[in-house]
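Notes follow the structure.
Order of appearance sets the numbers: ligands from 1, and atoms from 1 within every ligand. Computed from a predicted model, the values in this text were never measured in an experiment.
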Amino acid sequence: MTIFFHWSEATPDIWRNALTAENIPGDLRFVEDPGALSDINYAVVWAPPQGLLRQFENLKYIFSIGAGVTHITLDPDYPSEVPIVRLQDRLLVQDMSCHIIHWVLHFHRYYARYRQYQGEKKWLRHRYPENSSRRISVLGLGQTGQDACIRLSDLGFNVTGWARSEKTIPGVRTLASNDAFDTVVREADILVNLLPLTPETTDLLDAGVFNRMPRGSFLINVARGSTVVDADLLSALDCGQIEAAALDVFREEPLPADDPYWSHPAVSVTPHAAAPTNEGSAAEFIAGQIRIAMDGGRPAPIVDLARGY
Ligand code: NDP
Ligand code: OXD
């Protein structure tokens, strides 16, 4: 079995050890020296060079070193007949929830004002709503969305979650279907986006959505940049319809130096850092799934290309 590996931030020994622990023979091959491309059966990748995966004629599975898969599927040449296995990882989910909770509390408690008061040496406490009256809408109730909802609900917030299919999450109001989307955005004092990028979610968050949100509401986007119409968000921020946004993902990454988000006073930029892949747990999960495939089983979860995630 030959495994091709591509991730510019990787520590190869961590991955080798994980394969050894699963008794997976052979070594990793890298883009600098991939050997005979027809040997390669499994590709473990984050953002592989465009067109490369298509050249592996005996590829059985692609393993994504990330929960999202657009770093693979946005390549117009990627081999769509080869199943993609997504990363499922407890630590990634935990990190994502921590990032979201950080920004929810920052916005909910208006902490940015204290920074300003500090500059003015002003000793002043401001008021903020009770947690139970702060309405938080979470778009997407997959591995990350469900966990975020539960933790925010545990903090006493009034949480609504939205997905394609019905869900039951204790302490959380859950809604499904396109009709319910209107309610979800109208009642979003804080909107948290955890939707995968698909044809349906591309440009979903536009002026129509921002104008229906309560005046002075907040946006946390940790999903993918192309779910947001940037010009519409900037206009909504400029006029105060959206009071502030915490953006972790962008249409173009790294965010270009001349992008207006960098200097907008109501925008906090983080560099796709909400839930960086934890190498130890990711390698363990992926090695386990490769072992299942080698034993003739079906690794999981496999991306459903018809749904787009
Ligand atoms: P999952 O695939 O586990 O969950 C996706 C959720 O979105 C599901 O609940 C699904 O509904 C819902 N959904 C998808 N399409 C629609 C739609 N058209 N309308 C309504 N609901 C929809 O994804 P994850 O939770 O693992 O990750 C979500 C995204 O977060 C990833 O795709 C990735 O882009 C991003 N991400 C970002 C990271 C970062 O560091 N910034 C790190 C990890 C992920 P249903 O349950 O009904 O199928
Ligand atoms: C992602 C990830 O998909 O980092 O963004 O897992």
Report task. Would you check whether His99 reaches within less than 4.0 Å of ligand 1, judged by its heavy atoms? Result -> no
Query raised in the report: For ligand 1, is there an atom lying under 4.0 Å from some heavy atom of Val249?
Result: yes
Query - contact_flag Phe181 ligand 1 heavy-atom lt 4.0 Å - result: no
Report summary line: atom 1 (C) of ligand 2 has as its nearest protein heavy atom Arg224 NH2, 3.3 Å
Requested in this report: Would you mind telling me if ligand 2 is within reach of the side chain of Glu253, the backbone, both or neither, using heavy atoms under 4.0 Å?
Outcome: neither
**Report entry** Contact partition for Glu200 relative to ligand 1, non-hydrogen atoms under 4.0 Å
**Finding:** side chain
Query raised in the report: Tell me, do Pro299 and Tyr61 make a side-chain contact under 4.5 Å, heavy atoms counted?
Result: yes
**Report entry** Pair Arg151 + Asp154: basic N to acidic O under 4.0 Å
**Finding:** no
**Report entry** Option set Leu195, Val222, Thr277, criterion heavy-atom distance to atom 12 (C) of ligand 1, minimum
**Finding:** Leu195
Query raised in the report: Hey, does the side chain of Asp206 reach the backbone of Val209 with a donor-acceptor pair shorter than 3.5 angstrom?
Result: yes
Query raised in the report: Taking both backbone and side-chain atoms of Thr277, is any N or O found less than 3.5 Å from an N or O belonging to ligand 2?
Result: no
Query - Electrostatic pair Arg173-Glu187, nearest N-O below 4.0 angstrom - result: yes
Report task. Please write down residue, atom name and distance for the protein heavy atom closest to atom 42 (C) of ligand 1. Result -> Met96 CE, 3.5 Å
Query raised in the report: Hey, is ligand 2 close enough to Gly68 that some N/O pair sits below 3.5 Å?
Result: yes
Query raised in the report: Considering only heavy atoms, does Gln88 approach ligand 1 within less than 4.0 Å through its side chain, its backbone, both, or neither?
Result: neither
Query raised in the report: Does any N or O atom in Ala67 lie less than 3.5 angstrom from one in ligand 2, N or O only?
Result: yes
Query raised in the report: Among all protein non-hydrogen atoms, which one is nearest to atom 25 (O) of ligand 1, and what is the separation to 0.1 Å?
Result: Thr144 OG1, 2.5 Å
Query raised in the report: Distance-only, no hydrogens or angles: does the Glu279 side chain make a donor-acceptor pair with backbone N or O of Ile14 under 3.5 Å?
Result: no
Query raised in the report: So which heavy atom in the protein is nearest atom 46 (O) of ligand 1, and how far is it from that ligand atom?
Result: Lys167 NZ, 2.6 Å
Query raised in the report: What's the shortest distance from atom 5 (C) of ligand 1 to any protein heavy atom, and which residue and atom give it?
Result: Pro196 CD, 3.6 Å
Query raised in the report: Is Gln146 in contact with ligand 1, taking contact as a heavy-atom separation below 4.0 Å?
Result: no
Report summary line: min-distance protein heavy atom vs atom 10 (C) of ligand 1 -> Tyr309 OH, 3.5 Å
